[in-house]
Amino acid sequence: MINKEWMTVLSQEKIAVNIYELTLKGELVQQMNEPGRFVHLKVNEQMMPLLRRPISVASIDKENSQFTMIYRAEGEGTKLLAQKKAGETIDVLGPLGNGFPVEAAQPGDTALLVGGGIGVPPLYELSKQLNERGVRTIHVLGFQSADTSFYVEAFSALGDTYVATVDGSLGVKGFVTDAIQQYGLEADILYSCGPLPMLRALEEAQLTKKGFISLEERMGCGIGACFACVCHTKSDPTGTDYRKVCSDGPVFPIGEVAL
Amino acid sequence: MINKEWMTVLSQEKIAVNIYELTLKGELVQQMNEPGRFVHLKVNEQMMPLLRRPISVASIDKENSQFTMIYRAEGEGTKLLAQKKAGETIDVLGPLGNGFPVEAAQPGDTALLVGGGIGVPPLYELSKQLNERGVRTIHVLGFQSADTSFYVEAFSALGDTYVATVDGSLGVKGFVTDAIQQYGLEADILYSCGPLPMLRALEEAQLTKKGFISLEERMGCGIGACFACVCHTKSDPTGTDYRKVCSDGPVFPIGEVAL
Amino acid sequence: MSRLETQLPGLTLKNPIMPASGCFGFGREFSQLYDLNVLGSIMIKATTEEARFGNPTPRVAETPGGMLNAIGLQNPGLEKVVEQELPWLSQFDLPIIANVAGSQVEDYVEVARTISQVENVHALELNISCPNVKTGGIAFGTVPETARHLTKMVKEVSEVPVYVKLSPNVSNIVEMAKAVEDGGADGLTMINTLVGMRIDVKTGNPILANRTGGLSGPAIKPVAIRMIYEVSQQTDLPIIGMGGISTVEDIIEFYLAGASAVAVGTANFANPFICPELIEGVEQYLIDNKIDHISDLSGRSWKKDVKRAYHCS
Amino acid sequence: MSRLETQLPGLTLKNPIMPASGCFGFGREFSQLYDLNVLGSIMIKATTEEARFGNPTPRVAETPGGMLNAIGLQNPGLEKVVEQELPWLSQFDLPIIANVAGSQVEDYVEVARTISQVENVHALELNISCPNVKTGGIAFGTVPETARHLTKMVKEVSEVPVYVKLSPNVSNIVEMAKAVEDGGADGLTMINTLVGMRIDVKTGNPILANRTGGLSGPAIKPVAIRMIYEVSQQTDLPIIGMGGISTVEDIIEFYLAGASAVAVGTANFANPFICPELIEGVEQYLIDNKIDHISDLSGRSWKKDVKRAYHCS
Ligand SMILES: Cc1cc2nc3c(=O)[nH]c(=O)nc-3n(C[C@H](O)[C@H](O)[C@H](O)COP(=O)(O)OP(=O)(O)OC[C@H]3O[C@@H](n4cnc5c(N)ncnc54)[C@H](O)[C@@H]3O)c2cc1C
Ligand SMILES: Cc1cc2nc3c(=O)[nH]c(=O)nc-3n(C[C@H](O)[C@H](O)[C@H](O)COP(=O)(O)OP(=O)(O)OC[C@H]3O[C@@H](n4cnc5c(N)ncnc54)[C@H](O)[C@@H]3O)c2cc1C
Ligand SMILES: Cc1cc2nc3c(=O)[nH]c(=O)nc-3n(C[C@H](O)[C@H](O)[C@H](O)COP(=O)(O)O)c2cc1C
Ligand SMILES: Cc1cc2nc3c(=O)[nH]c(=O)nc-3n(C[C@H](O)[C@H](O)[C@H](O)COP(=O)(O)O)c2cc1C
Ligand code: FES
Ligand code: FES
């Protein structure tokens, strides 16, 4: 069952330029298990903005029935979201989609977690769960610049963490792939979320045998009913075979969908 | 010059069923003189609701740069307005239109002020100014019922005050005209604001030689540019002569416009 | 009889409220949210003879009070719909309205012939108005004679009543309605989307990969109301109304304009539980307002037309 | 030359941003708010030969993201406009665009002949698309041949360039544009309002006394963008774009679609200072984005058309 709940804002904090960390409380949290799934948020009760906004679950705290999201306030919807204050409620649909398979990594394995910008958040819960499972995690986080970077310390507490920034103001100057190369990072399994060019580069680099990537696409329903978010499969790149990012994804094994 | 200002909410109070009293502070107050003029409010920054809402000035406090409105929260716009809290700001255009001419009543005269429902508010500032001028005021206020009535005590402090309610739960059972008849009220001059049927009944009753009524009409611009709010004149009821409620009115001498 | 039970050609509906085509897939996803049996019907996603992938993404964009879509009629094709989707739907006590699309008359005829034979399909909805495909679709929806002809050909093969879905992108909606009535349509559904576009100011390119798309949602409601108001006075066909419905009052407004049932599209995205909520809400509204049956409201805006001052010139 | 100065047939504009017809009267009221000299031009309220009272009230209603109006072309008539309004406006350094309306060809011709002789009238805007009057208006706007003929007749008498204002209520906007181009139009203005309606759920009656009205505001912007995108690729006429503009980004979007100037209508009601604010804002936008001249943006959404994947079927 997919549920909808008015969840209560516990805290909302600006943690970098235009980046907010939002923690909500409610029953829905009990259904949040797999990392990498997302929630679909209605940011106000008005008809404008009309559509929900998909945001990844960044960290789950079942005991306290709360979870955290990290998002960039950019357009109309996320800017309104950023105005929500503790005590207010938000209409949350979810959790939706299929996340990162934690069990694909065996205890003792090394997992490489590569995130770009607002693709970083879901990797945090993933890393927590991998570490719990006894998987060693290496994190490579890409940002535009130091002032839009976030959670670097939090990731460091879970495993080795490398940062790349486009302007070089933090870590390696360049992209995540530059950092991976520069430090010669190797692993058994890759998990990644971020912009398409980054995912393409990682797919081409063939760093690991197994890998999973999380995609973004503009959505209508978010539950698989409207065909807004489909992509071709790699095995039938121009045909009628497809996957829906919202309900088949957002996480896919590398090689399943055409990037 | 017509101005627009982000005025600050000083207080918002529910004073009867669905009726709110809202006090705003700002420079615009210095331009508010004549009673019966109105302000045009944008209740939020979104595009929905799109249009401004016209609300009468109910009382002016120039010394403290504040004024008060009383309104019924009914539709989308006024319901959003009712959510504004002290400290928030509201986009106010005004003061607009032409109000009640206080100087039409001579000191020593008796003025009959007749208000119906949300037509009552502008009569309050009018009564204050008439009393200052030495005009005796009699107030007849019509409401649906006791629980939607408001400001009865405030008017009583300024002059004799009679109430009519449709369900008889306060004062005379019936309409303002019933109260006027029942108490045999007489005056030199009439000022009135309220629903059209009430204004028509008053016009027909010919209670006074001189009289002024305030009209309501759906508005676009509120400043006279869009021709949304026109009405025919009594002297040319089917021709091309007209008055604009927003900029020629909302107050007109009885007999000027076709009701 | 309940306040909501509704009889339309081919359709005995528990209530006259149903999801609009393309906004509800074939029901599988929404069945994870609530029991589909509460619905009056389901207008399933457009079905074409062959499977279609549709347009490249992005396929949706938000607009003030509405959204654009250019899905491009993605669907698994007639065979799979008949063999997998409709049988799955037969577990529910639901008369299905099958949305039929194509690029040429023969396509429509073929899909109509086959799909109308499926037991739980109780009516067809001829999609002559999809703006998101290059051939067919919209041409059928804007030329009266073409629409009449298509309707006639489909009527000849269909085992169930045929509703024609009108496009709002026309100069004269009444003319289109009369043409399909003439072609033998049993009912109308209206409106489909208005053709619109958004350009990304940052990139300078249209947001939709298909460039243009269909505008739906509250923004288009006044256009839908106007068209239903006009058409319901000029034809005898029942109208299933749609276009921007998201509240109980919206449904009442569509009825007053002249609708005999309604469908909810875009609002399912903002609130996926909206259909059951509206069904309950409308029933309550009728009780509160002492209206014996929802059909009492149909066309009331013009039927009870009191002679008010009405001069336009 | 400034980033905003714009040359169009008959019009040398300080900037290409102006209030749309009917939303600004003849400028008197807004002159109490700001100095009208900041504007690029003013499209004055539609003028007819005789004075008109227009439709009964209510004449406006709010809709999701938009509004309906059925003013019914109220105006003081040609004589008063020429003798009082235009001379008053001549105190400003403003080329005026006079919106011309009528019920039959002769009316348009008569108004055009006279008003085009007034010194500060630098262009006419033929209102062949007003949905709120029974005769004329919209018929001229939906039948290509009628529109072509009217344009031709008006061109014959007009002393200044003629822009034709297109109605969006048509099946084929390009056909209409080509028809008036063929009739000799010097430019296009688009779009006028979509015909819409709202019904008061409490009374069961249409909210507007005229029943139907013209839908304007942000809700219709995607329709306007789409039509300008289509028409600008198919004709050589400059387009003054309008329909839902309320932000700087909206103006950029209209330019990218293919507009050569823009007009702001409904947004003047929500914020009466919007025109000067947008003029400043657009200039700043051009500076920030290092765009030498606003005309560089015109039609960029299709001119720079990179060959992206584009398959619809
Ligand atoms: C599965 C998934 C998970 C996501 N997780 C996160 C996250 O954890 N943190 C975060 O900051 N962002 C995340 N995003 C991206 C986020 O959804 C968009 O940034 C957001 O929808 C933009 O909304 P807006 O109001 O700022 O922009 P607007 O421009 O107002 O959006 C207009 C429309 O476009 C859609 N849209 C715009 N950009 C995107 C985008 N990049 N992806 C999908 N839809 C878009 C919006 O949802 C909306 O429908 C995720 C997207 C997906 C699909
Ligand atoms: C000059 C003037 C002074 C007014 N003073 C007061 C006052 O002091 N207190 C008060 O409670 N009300 C007053 N009103 C009425 C008030 O403007 C409406 O109640 C209000 O606009 C309704 O808005 P809404 O959002 O509740 O309704 P909605 O139904 O959301 O409104 C939709 C549209 O219709 C218009 N509208 C609806 N009802 C009216 C109406 N009765 N008059 C004019 N426009 C309407 C709205 O302005 C809006 O454009 C006044 C009206 C006018 C014209
Ligand atoms: C994403 C999406 C897909 C649609 N697909 C179809 C379709 O396949 N067939 C069809 O006839 N209409 C389709 N429509 C149109 C809707 O059925 C409906 O007519 C229109 O959206 C107006 O209703 P609304 O405003 O409630 O959405 C689609 C609409 C949307 C938003
Ligand atoms: C109240 C009102 C009155 C209008 N009157 C006219 C008119 O007299 N002549 C005309 O050509 N267009 C008229 N229009 C249409 C506008 O000029 C404009 O084309 C349309 O409203 C779309 O722009 P907008 O969305 O910015 O308002 C009017 C629009 C409104 C809202
Ligand atoms: S968003 Fe509707 S199918 Fe994915
Ligand atoms: S509201 Fe525009 S003229 Fe009165």
Side-chain angles (χ1 to χ4, degrees), chain A residues 1-6 31 40-54 74-78 91-97 196 215-233 236-248 257-259, chain C residues 19 22-34 45-46 48 50-77 80 202 207-209 213 216-219 221 244 246-247 265-274 277:
Chain A
M1 275 292 173
I2 296 174
N3 288 303
K4 192 167 83 81
E5 182 182 354
W6 285 93
Q31 299 171 43
H40 217 24
L41 304 176
K42 185 89 177 81
V43 301
N44 66 6
E45 288 180 77
Q46 269 78 61
M47 283 180 278
M48 218 180 278
L50 189 73
L51 299 173
R52 289 176 179 267
R53 298 294 191 265
E74 210 178 2
E76 198 191 348
T78 49
D91 174 352
V92 181
L93 182 74
L96 302 176
L196 211 52
L215 298 186
E216 258 185 23
E217 190 49 77
R218 284 184 185 241
M219 293 184 176
C221 66
I223 62 172
C226 77
F227 294 94
C229 65
V230 297
C231 48
H232 284 285
T233 57
D236 182 24
T238 56
T240 60
D241 194 24
Y242 65 90
R243 295 291 180 279
K244 292 172 188 162
V245 170
C246 68
S247 54
D248 298 321
V257 297
L259 294 183
Chain C
C23 302
F24 208 79
F26 297 93
R28 286 186 196 265
E29 296 77 17
F30 280 88
S31 74
Q32 297 171 265
L33 278 79
Y34 56 83
K45 176 75 192 159
T48 53
E50 305 296 332
R52 286 173 59 100
F53 180 82
N55 294 320
T57 56
R59 294 177 172 186
V60 294
E62 207 176 35
T63 72
M67 68 176 281
L68 292 169
N69 88 80
I71 306 296
L73 296 183
Q74 177 159 23
N75 79 93
K80 281 210 178 133
K202 286 195 195 115
I207 292 184
L208 299 178
S216 63
K221 200 186 68 173
S246 64
T247 67
T266 304
N268 288 291
F269 306 158
N271 174 9
F273 294 92
I274 192 139
E277 285 175 19

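A note on names: the letters A, B, ... follow the listed sequences, proteins ahead of strands, and every chain is numbered from 1. It should be emphasised that the depicted structure is a prediction, and the values quoted were computed from it without experimental measurement.
Between C:Glu29 and A:Lys244 there is a salt bridge, since at least one side-chain N of the basic residue sits less than 4.0 Å from a carboxylate O of the acidic one.
Only the side chain of C:Thr266 comes within contact range of chain A, judged by heavy atoms closer than 4.5 Å. With a 4.5 Å cut-off on non-hydrogen atoms, C:Phe24 touches chain A through its backbone but not through its side chain.
To the nearest 0.5 angstrom, A:Phe227 atom CZ is 11.0 Å from C:Leu73 atom CG. Of the inter-residue distances, the one linking A:Thr240 atom OG1 with C:Arg52 atom CZ reads 11.0 Å to the nearest 0.5 angstrom. Rounding to the nearest 0.5 Å gives a distance of 7.0 Å between CE of A:Met47 and OG1 of C:Thr247. Atoms CZ and CD1, on C:Arg28 and A:Ile223 in that order, are 14.0 Å from each other to the nearest 0.5 Å. Separating the CG atom in C:Asn271 from the NZ atom in A:Lys4 is a distance of 4.0 Å, to the nearest 0.5 Å. Here the CD1 atom belonging to C:Ile71 is positioned 5.5 Å from the SG atom belonging to A:Cys226, to the nearest 0.5 angstrom.
Of all heavy-atom pairs between C:Pro64 and A:Met48, the closest is C-CE, 3.8 Å.
Residues A:Val230 and C:Gln74 meet the side-chain proximity criterion, which asks for heavy atoms closer than 4.5 Å. With contacts defined as side-chain heavy-atom distances shorter than 4.5 Å, the pair C:Pro272/A:Leu93 qualifies.
Side chain of C:Glu62 to backbone of A:Leu50: a donor-acceptor contact under 3.5 angstrom is found. In this structure a side-chain-to-backbone donor-acceptor pair under 3.5 Å is missing from A:Arg218 to C:Pro58.
Ranked by heavy-atom pairs under 4.5 Å with chain C, the list A:Glu76, A:Arg53, A:Met219 is led by A:Arg53. With respect to chain A, the highest number of heavy-atom pairs below 4.5 Å among C:Tyr34, C:Phe26, C:Phe269, C:Phe30 belongs to C:Phe269.
Annotation: C:Glu50, atom CD; neighbour count of heavy atoms from other residues, nucleotides and ligands within 6.0 Å does not exceed 12.
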